[in-house]
Amino acid sequence: MSSAMITADLVDLELDRSADTKEAAARTLALRMVDLGRVTDLDGFLADVAAREAQMPTGLDGGIGIPHCRSAHVSEPTLAFGRSATGIDFGAPDGPADLVFLIAAPAGADDAHLTILSALARQLLDEGFTAALRAAPDAESAAALIQGEDPPAAAPGTGDLAPPAEGTPPGPERPFRVVAVTSCPTGIAHTYMAAESLERAAHEAGVELTVEPQGSAGFTRIDPATIAAADAVILAHDVPVREKPRFAGKPTVDVGVKAAINRPAELIAEVRDKAARGETTAAPTPVDSAGDTGDSYGTKLRTWLMSGVSYMVPFVAAGGLLIALGFAIGGWKIDKAPSVAEHFVWTDHTSWAALLFQTGGLAFAFLVPVLAGYIAYGMADRPGLVPGFVGGSVAVTIDAGFLGGLAAGLLAGGVVLGVQRVRIPAVLRGIMPVVVIPLLSAAVVGFLMFLVVGKPIASLQSGLTDWLEGLTGANAVVLGVVLGLMMCFDLGGPLNKVAYAFAVGGLAHPTDGSLKVMAATMAAGMVPPLAMALATTVRGRLFTRTERENGKAAWFLGASFITEGAIPFAAADPLRVIPASMAGGAVTGALSMAFGCTLRAPHGGVFVVPLIGQPLLYLIAIAAGVAVATAVVVLLKGARKASGPANEGGERAGRFTRPARVTQA
């Protein structure tokens, strides 16, 4: 740490005499920076500190607070330290902080800011270092200790108190430490499969790994101390990583979620190499949180849309299944039942059916606002939520439906990003995220949705609904084929999610046509894992032992409409598994549409068959697609296996040929 970063004049060992809140503590320490000419505008700098604190509390376990920011009012990177006998609340789970570090970096000086924060965080994990700070007799000793110029003798087992040199790999006394985040658009399958894949690879490599799967059921945040102690970060995601600034300043590998499933060992090796070279990342802006700055606009747009879909799916699943159960118990006239708040008979099954139906309807009513709100969140972070939800609610009000929600989310995110680019007085910066941005952006989005773009989109939505309702004969079969191909092309990836989102959007205002689309979509999505499960059963010798084990799980995954259950097979042999899956999905989608099968539940697989129109024909459509996909994959794999020996003197059947027997490690 630079000798000029902290001096005795920037140390206050009796902070509690002048400060009992985090705002007062920041002001006290900032005044010392002003006295040394390190901060040029006290109020402007404190507004920047408060804005950063509003994003996420800076308290750490162990009685530590590290308020920090980048500010145009800082002339050079500076660190001030304060010690409080009574403790000051910085939002840490274990209580107030008695050691407070205020970090100030000039605007744009990301490297300096993050280097200070990262090195300091590593020191703070050392109990000997924090104990020495608490026992430091004077300001000079504390400053020297923080700088690492003349640290006290290390307590047994605590190691050197000086910060490690940037880019130096961890010593032999502990394993390499990695924190990781996994997330996919729906947060159901890819998220957890990627986490498990990384954990297995880390165990084999002797790496200490902590994973935060950001799934649809919520997520448990990695402890800040664990992040601070980590040597590197792996982000495997297809939607924006929530609270991504936590990981800034670390060597980072940022990839799609499938990369963590297919090649976890490569990612771990890559991030270790980055750590050895000392590569770090700067804190992302709201725009960057939706995709790397080098990504094309099309890539970012897909990421934003998938962010909305990922948050929408739990509402769709819960609401749709409750509605379907209401119909199953109470019959098709249950939607005419009076409000259960006014009329409910405990012993009447119709009242219970009405309760399920009406609760599901309320959950389903959030579909479009949640979609719009979290598209805006993907673009502009939390400030996008208010205008996004407002715009989505307007879309519902004017009957713009699913398409209106898409437009409202993109408008809201764009408006917020535009407002954030406007230079505003320093005194207003602290209230920008909670007052100014929500007020201005919600007003603008409301105006645009009500008076400019809403009505044309509503007309388009109405036309799409009429088109689906009028689909019959060959047109319906062709649509079923297209949906089946999309569902099976990337096995839960972007194209799969586009088809699924299209089907789910029709459930917001269900018609006979939209219910047929939902049925065909779910049926086709069940085919790939079921086909791979059947293929490993009837022709097990064509698959490795690991694939045969995966085939056992694929039965349940396919029956539950989790298309991702076929990913392990596709990753190992994409040129045979994917075409076979697409063939089966196309057959199933076409037959489902031809049979006129309908579905009100957006998920559930075979477990919601009683809620399907024409259930027997629906199962026949699925069985036919599974049979086709199984036959194709067996034929393709059998042809490959048979061609191997024939080419023994040449190229061994080409680059995709594998040995007949695979030995597992």
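Atom set for the values below is all heavy atoms of this structure, side chains included, hydrogens, waters and symmetry mates excluded.
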**Prompt:** I375 and L371: side chain to side chain contact (heavy atoms under 4.5 Å, CB included), yes or no, with the steps?
**Reply:** CA-CA 6 Å; I375 288 174; L371 174 69; 4.0 Å; yes
**Request:** Apply side chain to side chain contact (heavy atoms under 4.5 Å, CB included) to the pair M518 and Y500, showing each step before the final yes or no.
**Result:** CA-CA 8 Å; M518 187 69 249; Y500 182 68; 3.9 Å; yes
Sub-3.5 Å donor-acceptor pair from the side chain of [X] to the main-chain atoms of [Y], do we have one?
X	Y	result
E212	I222	yes
T182	T191	yes
S592	T588	no
S183	V241	no
R576	K637	no

If I take atom [atom1] from residue [X] and atom [atom2] from residue [Y], how far apart are they, to the nearest 0.5 angstrom?
X	Y	atom1	atom2	answer
L325	T359	CG	OG1	11.5 Å
R541	T536	CZ	OG1	13.5 Å
F247	I234	CZ	CD1	12.0 Å
L198	T210	CG	OG1	12.0 Å
M532	S581	CE	OG	4.0 Å
K244	D254	NZ	CG	4.5 Å

Heavy-atom pair with the smallest gap, counting every atom of [X] and [Y]:
X	Y	value
A524	G484	CB-CA, 3.6 Å
A236	A260	CB-CB, 3.6 Å
V368	G392	CG1-O, 3.6 Å
A554	P529	CB-O, 3.4 Å
I334	A354	CD1-N, 3.6 Å
M593	G480	CG-CA, 3.6 Å

With [X], which residues qualify under salt bridge (charged side-chain N to carboxylate O under 4.0 Å, His left out), at least two apart?
X	answer
R263	E266
E196	R200
K552	E549

For [X], ring pair (Phe, Tyr, Trp, His ring centres under 6.0 Å) partners two or more places apart:
X	value
F315	F366
F357	F327
W555	none

**Asked** Is it the case that more than 12 heavy atoms not belonging to R539 sit under 6.0 Å from its CZ atom?
**Response**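 Open.
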**Message:** Around atom CZ of F556, are there more than 12 heavy atoms from other residues, nucleotides or ligands closer than 6.0 Å?
**Reply:**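 Result for CZ/F556: open.
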**Asked** Hey, are the side chains of F502 and T521 touching, using non-hydrogen atoms and a 4.5 Å cut-off?
**Response**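 No, their side chains stay 4.5 Å or more apart.
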Could you tell me which residues satisfy side-chain contact (heavy atoms from CB on, under 4.5 Å) with [X], sequence neighbours excluded, listed by chain and number?
X	result
V628	A583, V587, V632
T563	M487, L491, N496, P528, F561
V626	V527, L530, A531, L534, I622, T630
A400	A395, I398, I457, A458

**Request:** Go through M522 and V608 one step at a time and tell me if the side chain to side chain contact (heavy atoms under 4.5 Å, CB included) criterion holds.
**Result:** CA-CA 11 Å; M522 187 172 82; V608 295; 3.8 Å; yes
Kindly list each side-chain donor-acceptor pair under 3.5 angstrom involving residues 612-621, sequence neighbours excluded, with atom names and distances?
from	atom 1	to	atom 2	distance (Å)
Y618	OH	A519	O	2.9
Y618	OH	A523	N	3.1

